[in-house]
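Read the structure below first, then the notes.
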2 protein chains.
Amino acid sequence: MTRERRATITDVARAAGVATSTVSRAFTRPQRVNAATREHVLRVADELGYVPNPAARAMGTGRTQTLALLVPDLTNPFFSGIITGAEQAAARAGRTLVVADTQESPEREQHLLTSLDPAVDGFVVAASRLPDDALREAAARSRIVLLNRATPGLPAVVADYESGTRQVVEHLASLGHRELVFLGGPVGSWSGARRWAGLQRACADLGVQAVRWGPYSPTLAGGPGAADAALAAGARAVVCHNDMLAIGVLRRLAERGVAVPADISVVGFDDIFGADFCHPPLTTLAERTRDAGSAAVGLLISAETDGVTALPTELRVRASSGPPRS
Amino acid sequence: MTRERRATITDVARAAGVATSTVSRAFTRPQRVNAATREHVLRVADELGYVPNPAARAMGTGRTQTLALLVPDLTNPFFSGIITGAEQAAARAGRTLVVADTQESPEREQHLLTSLDPAVDGFVVAASRLPDDALREAAARSRIVLLNRATPGLPAVVADYESGTRQVVEHLASLGHRELVFLGGPVGSWSGARRWAGLQRACADLGVQAVRWGPYSPTLAGGPGAADAALAAGARAVVCHNDMLAIGVLRRLAERGVAVPADISVVGFDDIFGADFCHPPLTTLAERTRDAGSAAVGLLISAETDGVTALPTELRVRASSGPPRS
DNA sequence: GTGAAAGCGCTAACAT
DNA sequence: ATGTTAGCGCTTTCAC
């Protein structure tokens with residue numbers, strides 16, 4: 001099968017009887033070319049099936065009109081919302097989005113940041129696992145917006161964990177809980193640290209005892225270990241690092257015949273797909289992931305160089321939390 | 001903040017005291033350059049933080065080392081597996097993957113196929129909504145591999161629906177069901193058509209009555225309408241276009257106090273994230289989406305031009321299906 | 001084995 | 001308003 005050679009700007013120029021620069025302008029600065037000529041050029045281009053070659057365009061301008069989104073785990077539905085939001089915002093702005101999976105690996109994240117650099121105009125890095133100085137160094141080369149991670153000097157979009165964790169604690173306290181266990185995720189997780197810090201502050205204010213256990217894997221697979229530990233210690237309310245872990249915990253508790261929420265209340269973070277139809281439906285702190293994804297892309301495009309955008313969160317109370325059985 | 005200018009091949013050549021062509025060769029044809037020179041060049045390049053510019057490379061060669069994946073709906077977890085598999089296969093092969101959402105729109109799919117064309121070396125188009133001739137036309141310009149869609153002349157990766165649907169019908173028949181209702185998805189859906197065709201054949205062979213209703217939206221939102229219709233007609237077993245719809249149906253049945261599976265059995269397709277922890281856990285035909293994604297990318301890279309790869313499916317029997325209450 | 005030089009398709013001065 | 005021309009960073013003949 002022989003593929004047709006793509007029409008170039010030169011082909012269009014020749015067919016339209018104008019210079020290549022006119023064709024170029026007709027596409028990039030329509031107002032800077034006579035209306036009639038523009039019409040004509042555009043029509044000829046269309047007939048020839050001409051589509052500008054972004055690689056060639058990138059060479060002259062240095063801008064690729066492409067943005068990269070780095071996520072730690074493509075299979076985690078939490079990031080689906082972010083991807084969707086980012087993709088929409090990029091598409092709206094006429095940019096192409098490249099999505100890459102860092103597989104929770106700082107090395108791979110670092111590698112992508114350098115190898116993709118010449119190919120893109122900037123990065124949205126979600127839940128970065130990189131140390132602050134590595135991020136700042138990368139930011140000296142490329143435009144970077146952080147998502148659910150913040151470090152001084154870099155623009156970031158984060159969930160408002162301060163208010164969010166307070167909502168969680170108030171909810172549990174109002175149900176009569178006086179102590180809670182935080183089932184923590186990876187030690188290096190920035191959002192995990194913020195969640196725990198917020199919970200602690202809120203607990204202190206509201207007279208609730210809080211302890212942190214873990215780390216547990218922030219996946220369904222982390223559930224059994226976390227659930228067993230909570231059970232062994234007689235916890236009556238657990239707050240999990242994220243929904244994946246929380247759902248894993250729920251499943252393990254069901255296996256072991258433990259009643260939720262009568263025996264133990266379970267709360268998660270993220271409100272991922274599935275949190276409302278697992279059993280029992282999960283009480284969780286919802287983040288506006290679509291908005292976060294599109295906000296991050298927006299910052300990237302507007303060339304923001306600093307500042308933290310905090311997005312509101314919302315506690316979704318479902319059946320996994322309730323008053324402790326006395 | 002002034003960003004450092006990226007080192008170019010010229011910088012490396014100058015610093016290493018060789019010609020640019022030697023630097024180029026050191027990267028692209030390591031064996032065609034003296035080992036010592038190569039070492040030296042590579043070391044200098046590393047010191048300068050040189051990373052080849054893919055856009056420039058693309059101009060000379062015409063290959064961008066970038067592949068595009070088009071999906072109808074990024075928020076559908078079914079496609080998460082495909083994205084993951086495709087991304088892994090692309091990364092393994094040193095390619096970059098671009099993911100775009102067609103939003104179930106043939107027009108947008110068409111548009112992406114042409115506008116992205118010069119930017120990528122080929123497309124994986126998942127669950128294409130385009131008519132056969134539009135696909136063939138696109139394939140004359142770009143390299144295309146279809147996923148869960150097939151049309152003569154184009155390479156494709158599909159699930160083995162023939163065997164899969166038979167497993168579904170055998171399962172229901174073995175439980176004592178003598179009739180089933182297929183709650184169909186979008187009319188234009190190729191996989192929907194194959195699923196229905198397979199169900200019909202299997203039903204004919206096994207003496208089961210089958211009727212098709214719909215179309216319903218293949219989303220959670222499609223559930224209520226589909227469930228209500230099934231209920232009104234007294235269906236005892238429904239097979240849904242996909243898991244999203246099936247879970248929507250499940251939720252609606254729960255709302256209406258209908259017992260699953262005693263009153264009605266529900267079966268889905270895809271085994272998406274959540275299918276095993278919704279309530280009751282959903283019996284569904286699992287497709288190997290990760291494998292499908294990576295297989296499609298593999299075909300793209302190996303420049304396959306035709307042939308259908310059928311991937312095995314597996315029925316996951318869970319609690320949503322059972323014998324009808326007599 | 002290595003260098004010199006000609007493009008790849010496009011944009012952006014600079015002319016006209 | 002439009003044409004001319006010089007690159008952008010890299011690969012690739014073609015010489016040496």
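Remember, predicted model here, so these are calculated numbers, not experimental data. Lettering follows sequence order; numbering is per chain, from 1.
- Applying the 4.0 Å criterion to OP1 and OP2 of D:dA1, one finds that A:T37 has every side-chain N and O outside that range.
- As judged by a 4.0 angstrom heavy-atom cut-off over every strand, B:P118 is placed among residues making no nucleic acid contact.
- Residue B:S21 places no side-chain N or O under 4.0 Å from the OP1 or OP2 atom of D:dT12.
- The distance from atom CZ of A:R6 to atom C1' of C:dG9 is 11 Å, rounded to the nearest whole Å.
- Side-chain proximity of B:R5 to the nucleotides D:dT11, C:dT11, D:dG9 is greatest for D:dG9.
- The nearest whole Å value for the distance from the CD atom in B:E39 to the C1' atom in C:dT2 is 17 Å.
- Note: CG (A:N34) to C1' (D:dG3) measures 15 Å, nearest angstrom.
- B:T64 contributes a side-chain N or O that, together with a main-chain N or O of B:T66, makes up a donor-acceptor pair within less than 3.5 Å.
- Remark: side-chain polar atoms of B:R63 are not paired, donor with acceptor, to backbone N or O of B:T61 under 3.5 angstrom.
- Formation of a donor-acceptor pair under 3.5 Å by the B:D121 side chain with backbone atoms of B:Q65 is found in this model.
- Rounded to a whole Å, the CZ atom of A:F27 is 18 Å from the C1' atom of C:dA12.
- Closest to the side chain of A:I9, out of C:dT11, D:dG3, D:dC10, is C:dT11.
- Side-chain nitrogen and oxygen atoms of B:R29 include at least one within less than 4.0 Å of the OP1 or OP2 phosphate oxygen of D:dT12.
- Dashed line: the shortest gap from a side-chain N or O of A:T8 to OP1 or OP2 of C:dG9 is not under 4.0 Å.
- The distance between atom CZ of A:R32 and atom P of C:dT11, rounded to the nearest whole Å, is 13 Å.
- OP1 or OP2 of D:dC10 has not a single side-chain nitrogen or oxygen of B:T20 nearer than 4.0 Å.
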Let's go through B:E109 and B:S128 carefully: what are the C-alpha distance in whole Å and the side-chain angles of both, what is the deciding distance for side-chain hydrogen bond (donor to acceptor under 3.5 Å, both in side chains) to 0.1 Å, and is it a yes or a no?
CA-CA 8 Å; B:E109 187 178 336; B:S128 175; 2.4 Å; yes
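- In this structure, of D:dT11, C:dC10, C:dA4, it is D:dT11 that holds the atom nearest to the side chain of B:R57.
- With C:dC10, D:dG9, C:dT2 as the choices, the nucleotide that has an atom nearest any side-chain atom of B:V33 turns out to be C:dT2.
- Taking only side-chain atoms of B:M59, from C-beta outward, the nucleotide of C:dC10, D:dT11, D:dG9 with the closest atom is D:dG9.
- Put simply, OH on A:Y50 is 7 Å from C1' on C:dG9, counting in whole angstrom units.
- Within 4.0 Å (heavy atoms only), B:V18 reaches sugar-phosphate atoms of the nucleic acid but no base atom.
- Comparing C:dC10, C:dA4, D:dT2 by their closest approach to the side chain of A:A56 singles out C:dC10.
- When the side-chain nitrogen and oxygen atoms of A:T61 are compared with OP1 and OP2 of C:dT11, none of them lie within a distance under 4.0 Å.
- Residues B:R25 and B:G60 each lie close to DNA chain D; by heavy-atom proximity, the contact nearer the 5' end of the strand is made by B:G60.
- Partner B:V297 forms a side chain to side chain contact (heavy atoms under 4.5 Å, CB included) with one of B:V145, B:L147, B:V124 and no other, that one being B:V124.
- Separating the CG atom of A:N53 from the C1' atom of C:dC10 is a distance of 8 Å, rounded to the nearest angstrom.
- A donor-acceptor contact shorter than 3.5 Å is absent between the side chain of A:T22 and the backbone of A:V18.
- Between B:R14 atom CZ and C:dG3 atom P the separation is 14 Å, expressed in whole Å.
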